[in-house]
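Please read the structure below before turning to the comments.
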Amino acid sequence: MRLSSPRVPPIDHETLQDEPREILDRSRMNGRTLNIFATLIHHPKLMKRWQVFGNHVLNKSTLPPRDRELLILRIGWLCRAEYEFGQHVVIGKREGLSDEEIERVTRGPDAEGWDPFDATLLRAVDELHGDAFLSEATWKELTARYDTMQLMDAVFTVGQYNLVSMALNTLGVQQDEGYPGFPSR
């Protein structure tokens, strides 16, 4: 974690009133309120609107879930957002990623063992993160498998989780109990 304590501490669910409490109630996962939501509820209108977009990227995207998780894990790694990375280790495993693949995400698209398209996905993240642009070669490789909506969802997935990573890192959102952090090397 970049910060050992939050700059913006999570709000205790029990202290909230009306709309903020309802927003947080709808954000519970497996009956619990995650620190990201308990922090973002400091700005209920922002959180409510952000969740619409975030829900599309995470749950309504045209991308295969495994591909989406590779994109998210890589941008979380590049942004040094341990909170986000840990959350998506759990989701990525649920979507079929192995421990070895998750660790390999940290080594990037040129690490030995990637399927060529998986390497392309990681390269796309690296390019978007580094230059806010996809090279012609990477675009062409993506278009071999993805239609226009999937191409757009890939770009917006990386952008969404880059934004979330910036917020998590800057606000100092701390790991939720039971979630992993970065893999040890």
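Predicted, not measured: the structure shown is a model, and the values here were computed from it. For this chain, numbers begin at 1 and follow the sequence in order.
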Ala81 backbone acceptor or donor facing Glu84 side chain under 3.5 Å: no
Side chain Asp12, main chain Glu14, donor-acceptor under 3.5 Å: yes
Check: Thr106 and Glu103 side chains under 4.5 Å, non-hydrogen atoms: yes
Heavy-atom donor-acceptor pair, Arg2 side chain to Gly172 backbone, under 3.5 Å: no
Any side-chain heavy-atom pair of Ser27 and Gln51 under 4.5 Å: yes
Under 3.5 Å donor-acceptor, Tyr83 side chain and Ile36 backbone: yes
Ser135 vs Glu127, side-chain hydrogen bond (donor to acceptor under 3.5 Å, both in side chains): CA-CA, chis, key distance, verdict: CA-CA 7 Å; Ser135 70; Glu127 290 177 7; 3.0 Å; yes
Within 6.0 Å of CE in Met166, more than 12 heavy atoms from elsewhere: yes
From Leu3 atom CG to Leu171 atom CG, the distance as rounded to the nearest 0.5 Å: 9.5 Å
Check: Arg74 side chain, Val105 main-chain N or O, donor-acceptor pair, under 3.5 Å: yes
Backbone N/O of Ala167 and side chain of Thr170: donor-acceptor pair under 3.5 Å: no
Donor + acceptor pair across side chains of Gln174, Ser5 (<3.5 Å): no
Common cluster, Leu58/Leu163, ILVMFWY with side-chain heavy-atom separation under 4.5 Å: no
pair Val57-Asp153: side-chain heavy atoms closer than 4.5 Å: no
Glu69 side chain to Glu95 backbone, donor-acceptor under 3.5 Å: no
Beyond-backbone contact of Phe37 with Leu24, side-chain heavy atoms, under 4.5 angstrom: yes
Non-hydrogen side-chain atoms of Leu34 and Arg28 separated by less than 4.5 Å: no
Heavy-atom closest pair, residues Pro109 and Asp126: CD-OD2, 3.3 Å
side-chain hydrogen bond (donor to acceptor under 3.5 Å, both in side chains) assessment of Asp176 paired with Gln87: CA-CA 9 Å; Asp176 290 297; Gln87 293 286 326; 3.1 Å; yes
Inter-residue atom distance Asn162.CG - Ile75.CD1, 0.5 Å rounding: 4.5 Å
Glu177 atom CD, neighbour heavy-atom count above 12 within 6.0 Å: no
Side-chain heavy-atom pair Arg145, Gln150 within 4.5 angstrom cut-off: no
Side-chain touch Lys60/Asn55, heavy atoms, less than 4.5 angstrom: yes
Atom pair CD1 (Ile11) and NE2 (His42), whose distance is rounded to the nearest 0.5 Å: 4.0 Å
Residue pair His13 / Asp25, side-chain heavy-atom distance below 4.5 Å: yes
Member of Trp77, Phe182, Tyr161 meeting the ring pair (Phe, Tyr, Trp, His ring centres under 6.0 Å) criterion with His88: Tyr161
